[in-house]
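For reference, the structure is listed below as structure tokens.
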Amino acid sequence: MKLLKKRFSRDDAGKFLPAYYDKKIYEEDPFKTLDQKGVGKLIKMAVELGKKERPDITLGVCGETGGDPKSIEFYNNVGLDYVSCSPFRVPVARLAAAQAAIKAKKN
Amino acid sequence: MKKYVYLFTEGNANMRELLGGKGANLAEMTNIGLPVPQGFTITTEACTKYYEDGREISKEIQAEIDKNIKEMEKITGKKFGDKENPLLVSVRSGARASMPGMMDTILNLGLNEEVVEVLAKKSNNPRWAWDCYRRFIQMYSDVVMEVGKKYFEELIDKMKAKKGVKQDVELDADDLKELAMEFKKEYKTKIGKDFPTDPKEQLMGAIKAVFRSWDNPRANVYRRDNDIPYSWGTAVNVQAMAFGNMGDDCGTGVAFTRDPATGEKGLFGEFLTNAQGEDVVAGVRTPMHITEMEEKFPEAFKDFKKVCKILEEHYRDMQDMEFTVEHGKLYMLQTRNGKRTAQAALKIACDLVDEGMRSEEEAVLMIDPRNLDTLLHPQFDAKAVKAIKPIGKGLGASPGAASGKIVFTADDAEKQGIGGKGEKVILVRLETSPEDITGMKAAQGILTVRGGMTSHAAVVARGMGTCCVSGCGDIAMDEKNKKFTLAGKTFHEGDVISIDGSTGNIYDGEVPTVDAKIAGEFGRVMEWADKYRRLSVRTNADTPKDAKKARELGAEGIGLCRTEHMFFAPDRIAAFREMICSDTVEARKKALDKILPFQQGDFEQLYEALEGTPVVIRYLDPPLHEFVPTEEKEQKLLAKNLGKSLKEIQDIVASLHEFNPMMGHRGCRLAVTYPEIAEMQTRAVIRAAINVQKKHKDWNMVPEIMIPLVGEIKELKYVKDVVVKTADEEIANAKVKMHYQVGTMIEIPRAALTADEIAKEAILKR
């Protein structure tokens, strides 16, 4: 089973994002990293519901955030089994996954 | 009551959030007994409060600053504006994370005409005193009052011309005094008020300027690019001056404990005698290499080397330091973990482990994963880039560097680029769409006018490892006439441009590139990472080429293979269009049968590239209207092939129009209406897996099938039943044993909310 985030159309966001930056509604590119508060909550819910029903289920995420270090930390902590990202992001994801695991162990 | 100001003796390195990086480290250096001119830090919370209070420093905070000035006067034995022993300070910004773009430094604050005379007399060095004063007026006007630097620089140049000298240091006390007076006049002309004489007024002005600079446009852009929240705010450091410009036994410098470009251990930096602050980096005079400091100031150099060792051992990381030597005595002005290239980061991490300073786990945490990108793509030669100016800037959407001839259509890219004439081309488009893929592959780089970091062009380019700059809105595009205008110049097809997919910069003409090197440390750090991580890492790949690359880079499987591209290829699109326009199940099956061997071949190649690791295949997802021809020429051809009239074909195309295609007839809904598509794809997947399994007995082929856009358990069950029936039939016919998985993608909110129900239908078969 796979999880994916969706908030608004990435191909159209260029029309309104500059105004959102100017007005400080957004400080950064909302596509770069997972929206943990909103979409993250749905992901967490889906993981919990899915695992409760099928403890042996394999869960992963694909899409751009699968290669984003901040998002990977979240995916590690909610208990996904894998992240999937574009080929050139693979080393980034391997390192970020290690950092997430080490940080989780520390806390 | 909240405390907004801390003396250096009251802080430590752990108070970064409150004191900023610079303030926390000045406190830490003070604590470990290093020679630091004393002072205080105004907290980041004071900055936040400044904005809350409508860009004013509250009475409460002003009183606390006053109190700390008194403390500082006690510690240093000097006083603001004093006729005997005046206190001069530097004012510097310092956020939690290093933040270029903010107001940086004001030196020699506290000077006025009276104080400068006192200093001149007391030091018996009027040249120095007046040099300090003119620098102060210059910096204060520039960074606090925002009077452009250039006016003052012009005055200096005039003075030098008048005296017939080349360097600032050749100007004498009287020249500098005259300059200071001219600066003040310039200030009054520009601002309309006299230059402030009260040191406290000067200080408040400088502090406000630091706070204000947190919100300047350059700082905002930097923050957005580097994930630094606006809410953090900046701290302000007020520190007693140490003077590097009091004569030839004085100087100032910056140094790293290891080379920030290569990571090589050893002092690396620059140094200038009789100079202050920015002189080293400003390029007014050519600085000396740090090792030459040993000859000039043997004692201070010995101390400095000791300090470097103490700091490295204390922070257990490469340090970037600023220091000043006043009459042969060393003063530390700043230390921080130094910025470094990805290559240096890897080398330093490995060396620190070998030197016993860091554990493997700590070393893994020291490297910014985003930096690794730069190691994997060819780069522009740094020297060449330094010498030229970009003509525009978009988003660095897919790292790498490319030069080539401009083409405006995917077709032209295919004809001229890789696989065609073999020329280097840059595909320049308003935006790209799925039909452009083959053209994008043939290009060295992709430049778009519209679209963000996750636009079609950006995502596809990253997947292909092709350099891409997206969303350069400054380009005035004229796709029809195959030309665009940027930075006042019109570019035509065939003109050469260069784009940098890391920085987003666009250059006119060709820029030489250097190949990416993967040093030995890279592999070592990756081994450590693999040892400590729990998450498995797969890749999104649709083609054997991408899959192979990802495997080389350590991917442990494919997490998403989209199959729509497999229908777009020229040898299959005709058959698929036939399927879409057919009236009967039989006719549709006949058309799909033509595609089956191609798709099976695609899957076999993917499985081969992934060497038996898991591969998730997502079934056809996009709405059908994306596949049918829009041009009449192609519609006619399709009509002929199907024995239909052009009108009939056009009616079918029109009927596929949807008001909201993203929510329309796509995903598993295609398989519900045309189960034969899912059947064909299942046969292709299972047959491919069986063939590859036969070739590689030691691999354990377990195909993973993903049914897209599920929101209702019954639709998943319906499609799954089709898949299972077909797969079992194929496996039975082949007389083999094979496990396979059927799952789905949770991509609509309803699926997330009912994930427990949906999980019931996700299966691992036999």
Side-chain angles (χ1 to χ4, degrees), chain A residues 1-4 6 9-11 13-14 17 21 24 27-29 31-33 42-43 45-54 56-58 60-64 66 69-70 72 75-76 80-104, chain B residues 223-224 227 229-230 361 364-365 367 369-370 372-373 376-377 399 431 450-456 459 462-463 465 471 525-526 528-530 532-541 546 549-550 553-555 557-560 616 706 743-747 749 751-753 755-756 759-760 762:
Chain A
M1 193 148 73
K2 284 295 265 302
L3 305 156
L4 187 94
K6 276 233 168 91
S9 162
R10 66 185 185 205
D11 290 325
L17 279 183
Y21 295 145
K24 299 210 162 64
E27 288 179 33
E28 54 179 322
D29 183 353
F31 298 108
K32 202 159 76 177
T33 191
L42 278 176
I43 292 179
M45 179 188 292
V47 171
E48 279 162 10
L49 288 172
K51 285 212 163 164
K52 198 173 72 194
E53 187 62 39
R54 293 281 300 267
D56 63 333
I57 201 164
T58 303
V61 66
C62 66
E64 281 305 300
K70 220 159 90 184
I72 289 172
Y75 298 138
N76 181 71
L80 292 192
D81 299 291
Y82 67 86
V83 293
S84 186
C85 56
S86 54
F88 282 94
R89 304 291 294 179
V90 166
V92 176
R94 285 162 70 197
L95 184 60
Q99 292 183 342
I102 292 166
K103 278 191 213 162
Chain B
R223 268 197 297 277
R224 197 185 305 147
D227 296 342
Y230 182 75
E361 278 162 291
V364 164
L365 288 176
I367 292 156
R370 291 171 303 183
L372 294 182
D373 258 2
L376 302 168
H377 298 275
E431 58 203 341
R450 288 191 214 134
M453 293 294 286
T454 48
S455 60
H456 177 267
V459 173
R462 276 199 291 277
V525 169
M526 279 297 131
W528 293 336
D530 291 346
Y532 295 107
R533 73 188 154 91
R534 180 189 66 77
L535 278 175
S536 164
V537 176
R538 297 193 190 180
T539 190
N540 307 332
D546 283 356
K549 187 78 219 168
L553 296 174
I558 287 182
L560 177 68
V616 171
M706 178 191 280
T744 183
M745 186 185 282
I746 305 294
E747 49 190 321
L753 298 170
D756 47 350
K760 282 184 199 156

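If you're wondering where the values come from, they're calculated on a predicted model, not measured in any experiment. Letters A, B, ... are given to chains in the order of the sequence lines, protein chains preceding strands, and every chain is numbered from 1.
Listed by chain and number, the residues in a side-chain contact (heavy atoms from CB on, under 4.5 Å) with A/M45 are A/L49, B/L753 (sequence neighbours excluded). Checked against side-chain contact (heavy atoms from CB on, under 4.5 Å), A/E48 has the following partners two or more places apart in sequence or in another chain: A/K44.
For B/R450, no part lies under 4.5 angstrom from a heavy atom of chain A.
Heavy-atom minimum distance, A/A97 versus B/L535: CB-CB, 4.0 Å. Nearest heavy atoms, B/T539 versus A/S86: OG1-C, 3.6 Å. Of all non-hydrogen atoms in A/A101 and B/Y532, the two that sit nearest each other are CB-O, 3.2 Å. Among all heavy-atom pairs drawn from B/L372 and A/P91, the shortest one is CD1-O, 3.8 Å. The two residues B/Y230 and A/K24 make their nearest non-hydrogen contact at CE1-CE, 3.3 Å. Listed here is the closest heavy atom pair of A/A98 and B/A529: CB-O, 3.3 Å.
For B/D530 and A/R94, the salt-bridge test passes: some basic side-chain N is under 4.0 Å from an acidic carboxylate O.
The NZ atom of A/K70 sits 8.5 Å away from the CZ atom of B/R370 when rounded to the nearest 0.5 Å. Atom CD1 of residue A/I72 and atom CZ of residue B/R533 lie 10.0 Å apart, to the nearest 0.5 angstrom. Atom SG of A/C85 is separated from atom CG of B/L560 by 11.5 Å, given to the nearest 0.5 angstrom.
Between A/I102 and B/W528 the shortest side-chain heavy-atom distance does not fall below 4.5 Å.
Ranked by heavy-atom pairs shorter than 4.5 Å toward chain A, the options B/G471, B/P229, B/P749 are led by B/P229. Comparing B/A555, B/A751, B/S536 by how many heavy-atom pairs each has under 4.5 Å with chain A, the most go to B/S536.
B/N540 and A/S84 form a side-chain donor-acceptor contact under 3.5 Å, judged by distance and modelled atom types alone.
Put simply, the side chain of A/Q99 gets close to the backbone of B/I367: a donor and an acceptor are under 3.5 Å apart.
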How far apart are the C-alpha atoms of B/R538 and A/V83, what are their side-chain angles, what is the distance that settles it, and do they pass the side-chain contact (heavy atoms from CB on, under 4.5 Å) test? CA-CA 6 Å; B/R538 297 193 190 180; A/V83 293; over 6 Å; no
